[in-house]
Amino acid sequence: MTFLNDLMVYEYLQKALITSIMVGVISGVIGSFIVLRGMSLMGDAISHAVLPGIAISYMLGISYFYGAVVAGVIAALGIGAINQNSRIKTDASIGIVFSTALALGIILITKAQSATDLTQILFGNVLHVRTSDMWITAGVSVFVLAVVVVFYKELLIATFDETMAKVSGLNTRFIHYGLMVMLTLVSVASLQTVGVILVVSLLITPASTAYLLTNRLPVMIVMSASFGAAAAVAGIYYSYNHDLPSGPVIAIASAILFVLVLIFSPKQGLIWPLLRKVKRA
């Protein structure tokens with residue numbers, strides 16, 4: 001009961017829990033589209049590409065949010081530019097931008113480290129979340145959820161049948177880059193919770209877990225958001241009680257949910273074919 005008692009008393013713990021839940025929800029929502037569009041590697045690339053922007057923001061003494069968003073958008077545009085204007089394929093384009101941004105980020109962090117400790121940005125420490133960070137996350141959450149609700153039909157068509165989307169007059173390139181902007185915003189909002197290194201765990205794992213349970217996008221989005229929030233709550237609870245960093249614990253909690261569903265899912269579970277073989281024997 002220590003966690004619940006402290007939750008009623010300490011404001012920093014309340015902010016940590018609220019922020020984590022919001023991050024889990026929006027990561028699950030955007031992650032659903034990322035997984036279905038086969039863009040998991042893009043999510044990983046952008047989540048790491050924000051690193052130079054974070055370091056520069058600290059050097060300039062401004063909020064890391066602005067630098068991270070600019071860096072993420074530049075990375076998304078860079079990947080698209082390389083892919084569309086050369087013979088280089090998408091995966092190679094992502095690898096080039098990803099590795100370059102990560103290398104630049106490490107160099108800049110080395111320069112900024114004397115003035116500011118950026119370790120928590122790499123691995124996350126939601127217990128140190130500030131009120132301003134919580135409100136930024138709330139703003140990002142409202143924006144992302146509103147965009148998904150308003151443009152759900154367009155996102156649905158573009159995700160499952162890009163050819164039909166083009167025939168219907170939809171600007172698929174605009175939808176793609178719009179999704180990249182939202183992915184960047186979610187990645188930045190997740191930094192305090194799971195850090196740059198583990199952002200992809202909240203973007204991909206809950207959505208993949210939900211994908212094993214349903215073939216319907218609305219259900220997948222709701223389930224993915226729920227799994228993301230559940231992993232965040234479980235991670236905060238365990239990390240607080242055992243004095244562990246929140247990011248890795250949240251990532252592990254999300255992975256545990258995935259493994260459980262992978263094994264016991266009614267349709268996709270690994271255990272049911274084995275049981276049927278046993279019954280036949």
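Just the heavy atoms: all of them, side chains too, but no hydrogens, waters or symmetry mates, feed the values below.
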Derivation and outcome, side chain to side chain contact (heavy atoms under 4.5 Å, CB included), residues L203 and S187 = CA-CA 8 Å; L203 283 169; S187 296; 4.0 Å; yes
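- Proximity of V188 to V140: side-chain heavy atoms (C-beta onward) are nowhere separated by under 4.5 Å.
- In terms of modelled atom types and a separation under 3.5 Å, the side chain of S99 and the main chain of I96 share a donor-acceptor contact.
- At distances below 3.5 Å, not a single donor-acceptor pair connects side-chain atoms of T214 with backbone N or O atoms of A210.
- Remark: L36 pairs with T159, F160, Y211, L217, M220 by the side-chain contact (heavy atoms from CB on, under 4.5 Å) rule, at least two apart or across chains.
- Without hydrogens or angle criteria, S224 side chain to A207 main chain gives a donor-acceptor distance under 3.5 Å.
- Here NZ of K166 is found 10.0 Å from CG of N171. Values are rounded to the nearest 0.5 Å.
- Put simply, the side chain of I26 does not reach to within 4.5 Å of the side chain of M22, judged on heavy atoms.
- Put simply, the side chain of S254 never gets that close to the backbone of I250: no donor and acceptor are under 3.5 Å apart.
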query = What do the steps show when you test F98 against I79 for side chain to side chain contact (heavy atoms under 4.5 Å, CB included), and what is the final call?
reply = CA-CA 9 Å; F98 166 82; I79 291 169; over 6 Å; no
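- With a 4.5 Å cut-off on side-chain heavy atoms, Y177 and V73 do not count as touching.
- Among residues two or more places apart in sequence or in another chain, the side-chain contact (heavy atoms from CB on, under 4.5 Å) test is passed with V222 by S226.
- More than 12 heavy atoms of other residues, nucleotides or ligands lie within 6.0 Å of OH in Y152, so this atom counts as buried by the packing criterion.
- Between L179 and H176, every side-chain heavy-atom pair lies at or beyond the 4.5 Å cut-off.
- Between M180 and I34 there is a side-chain heavy-atom pair separated by less than 4.5 Å.
- A donor-acceptor pair is defined here as one N or O able to donate and one able to accept, closer than 3.5 Å; such a pair exists between the side chain of S63 and the backbone of F65.
- A search for side-chain contact (heavy atoms from CB on, under 4.5 Å) contacts involving V70 returns I74, not counting sequence neighbours.
- Partners of S132 under the side-chain hydrogen bond (donor to acceptor under 3.5 Å, both in side chains) rule, at least two apart in sequence or in another chain, do not exist in this structure.
- Looking at heavy atoms from C-beta onward, L104 lies in side-chain contact with L108 at the 4.5 angstrom threshold.
- Under the rule for a side-chain contact (heavy atoms from CB on, under 4.5 Å), the partners of T209 that lie at least two apart in sequence or sit in another chain are T205, F227, F258, V261.
- Residue L244 belongs to a hydrophobic cluster whose other members are Y238, V249, with links defined by side-chain heavy atoms closer than 4.5 Å.
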